[in-house]
**Q** 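This is the structure I have questions about; it appears just below.
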Amino acid sequence: MIIGIDIGSTTTKAVLVEQGTVIQRIKTRAIDAVTSATGAFGKMVLENNIPMSEITRIAITGVGASKIKGSIFGIPTEKVDEFTAIGKGGMFQSGRDNIIITNIGTGTVIIEARKNEINHVGGSGVGGGTILGLSKKLLQSTTFSDIMDMAATGSLNQVDLLLEDIIGTDLSFLSREATAANFGKMLDSAKNEDIARAIINMVYQVIGMLSVFAARSKDSDCVLVTGSGSDNAIGKKTLEEIARMYQIHFEFPAGAEYTTAIGAGLSAVDAL
Ligand SMILES: Nc1ncnc2c1ncn2[C@@H]1O[C@H](COP(=O)(O)OP(=O)(O)OP(=O)(O)O)[C@@H](O)[C@H]1O
Ligand SMILES: [Mg+2]
């Protein structure tokens, strides 16, 4: 058995891989890299009653991977490049060997994955961390569930300048409700609920458009959305509106936050 560990900027994810199949997943909050990796390893082993002798190696990826040196409790570790891990994990989860992957974590990265080639297309510092940071200052809210609850009843037209505000009609393939400028209206009557909605909308519009351009540049019309930001009901709606306008398709795999850890575990399998 192999344990794949992804030490991300905010959370650490671990998966247990056996013969190319993912059999367990766990998540912990990232503190420092060493505590995260050993903690994730310990949690995986103890919670699933796995004898240490059955784990042959630990594959580590993510921003904290470079801090892990040598073995963990006598089990050899190996580093897997994060872009490779996202690419392999994305191909595994989509069941395709040619796919664009947009990984929404603390920040966002876009990868082109093909059977024998994985490329870093680009990315953005706009991601889950942006939603949390802006919400802390603008809404005095620091948990994702509070932000989502607020945003559920918010209205964009209190905060965003919409096309209907400036031209009153549809424009090209954009509907009159489309955003012309994020935060460009900001009425005095805007409530926290409206601002929460607008923050999430802005983040997913940016990510959605980058994904469209990435997909088009690679002649693809399908984008797999991974990372913790894949599982966001409001963000998904924003991405789906973009998908309709630009005729592309977003896929949201189950267990999307584990994609990078899965890719690390599978890379070690590949290398055996
Ligand atoms: N439902 C959600 N929608 C959007 N973002 C979310 C959601 N839940 C958590 N987040 C945010 O996602 C981020 C963590 O996601 P993830 O674990 O994929 O990132 P990471 O691997 O730690 O970061 P990175 O890959 O950028 O190094 C945090 O910023 C968190 O606030
Ligand atoms: Mg990550």
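Counting starts at 1 for both ligands and their atoms, following the listed order.
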**Q** Would you mind finding which of Gly133, Gly105, Ser9 brings a heavy atom closest to atom 19 (O) of ligand 1?
**A** Gly105
**Q** Could you list which atoms of ligand 1 come closer than 4.0 Å to a heavy atom of Gly129?
**A** 29 (O)
**Q** Does Asp6 pair with Lys13 as a salt bridge, N-O distance under 4.0 Å?
**A** yes
**Q** Show the atoms of ligand 1 that are less than 4.0 angstrom away from any heavy atom in Gly128.
**A** 5 (N), 11 (C), 29 (O)
**Q** Quick one: nearest non-hydrogen protein atom to atom 1 (N) of ligand 1, plus distance?
**A** Asp231 O, 3.0 Å
**Q** In the protein, which heavy atom is nearest to atom 16 (P) of ligand 1, and how far is it?
**A** Ser228 OG, 3.3 Å
**Q** Is Gly62 in contact with ligand 1, taking contact as a heavy-atom separation below 4.0 Å?
**A** no
**Q** Any non-hydrogen atom of Tyr204 lying under 4.0 Å from ligand 1?
**A** yes
**Q** Testing Thr238, Thr179, Asp160 for side chain to side chain donor-acceptor pair (under 3.5 Å) with Gln205, which one passes?
**A** Thr179
**Q** For ligand 1, indicate whether the residue Thr260 contacts it via side chain, backbone, both or neither (heavy-atom separation under 4.0 Å).
**A** neither
**Q** Does the distance from a Lys or Arg side-chain N to an Asp or Glu carboxylate O, for Glu251 and Arg96, drop under 4.0 Å?
**A** yes
**Q** Do we see a donor-acceptor contact under 3.5 Å between the side chains of Thr77 and Lys79?
**A** no
**Q** Within the structure, is a non-hydrogen atom of Gly127 found at a distance of less than 4.0 Å from ligand 1?
**A** no
**Q** Can an N or O of Gly227 be found at a distance shorter than 3.5 Å from an N or O of ligand 1?
**A** no
**Q** Which ligand 1 atoms does Leu132 reach within 4.0 Å, using its non-hydrogen atoms?
**A** 31 (O)
**Q** Going by heavy atoms in the side chains, are Ile199 and Val159 under 4.5 Å from each other?
**A** no
**Q** Got an N/O contact under 3.5 Å between Gly229 and ligand 1?
**A** no
**Q** Distance to 0.1 Å, residue and atom name: give those for the protein heavy atom nearest to atom 28 (C) of ligand 1.
**A** Thr10 OG1, 3.9 Å
**Q** At what distance, to the nearest 0.5 angstrom, does CG of Asn119 lie from NZ of Lys218?
**A** 5.5 Å
**Q** Write out the residue and atom name of the closest protein heavy atom to atom 2 (C) of ligand 1, then the distance separating them to 0.1 Å.
**A** Phe144 CE2, 3.5 Å
**Q** Any idea which atoms of ligand 1 are less than 4.0 Å away from a heavy-atom of Gly8?
**A** 20 (P), 21 (O), 22 (O), 27 (O)
**Q** Mind checking the CD1-CD1 spacing from Ile101 to Ile86? Nearest 0.5 Å is all I need.
**A** 7.5 Å
**Q** Of the side chain and backbone of Lys13, name the one, both, or neither that has a heavy atom under 4.0 Å from an atom of ligand 1.
**A** side chain
**Q** Side chains of Thr153 and Glu193: donor-acceptor distance under 3.5 Å anywhere?
**A** no
**Q** Regarding Asp221 and Gln247, do their side chains bring together a donor and an acceptor under 3.5 Å, going by distance alone?
**A** no
**Q** Can you tell me if Thr108 and Ser124 form a side-chain donor-acceptor pair at under 3.5 Å?
**A** no
**Q** Judged on heavy-atom distance to atom 23 (O) of ligand 1, which of Thr143, Thr106, Thr11 sits nearest?
**A** Thr106
**Q** For atom 3 (N) of ligand 1, what is the nearest protein heavy atom, given as residue, atom name and distance?
**A** Asn232 ND2, 2.9 Å
**Q** For Ile118 versus Met91, what's the shortest heavy-atom pair and its separation?
**A** CD1-CE, 4.2 Å
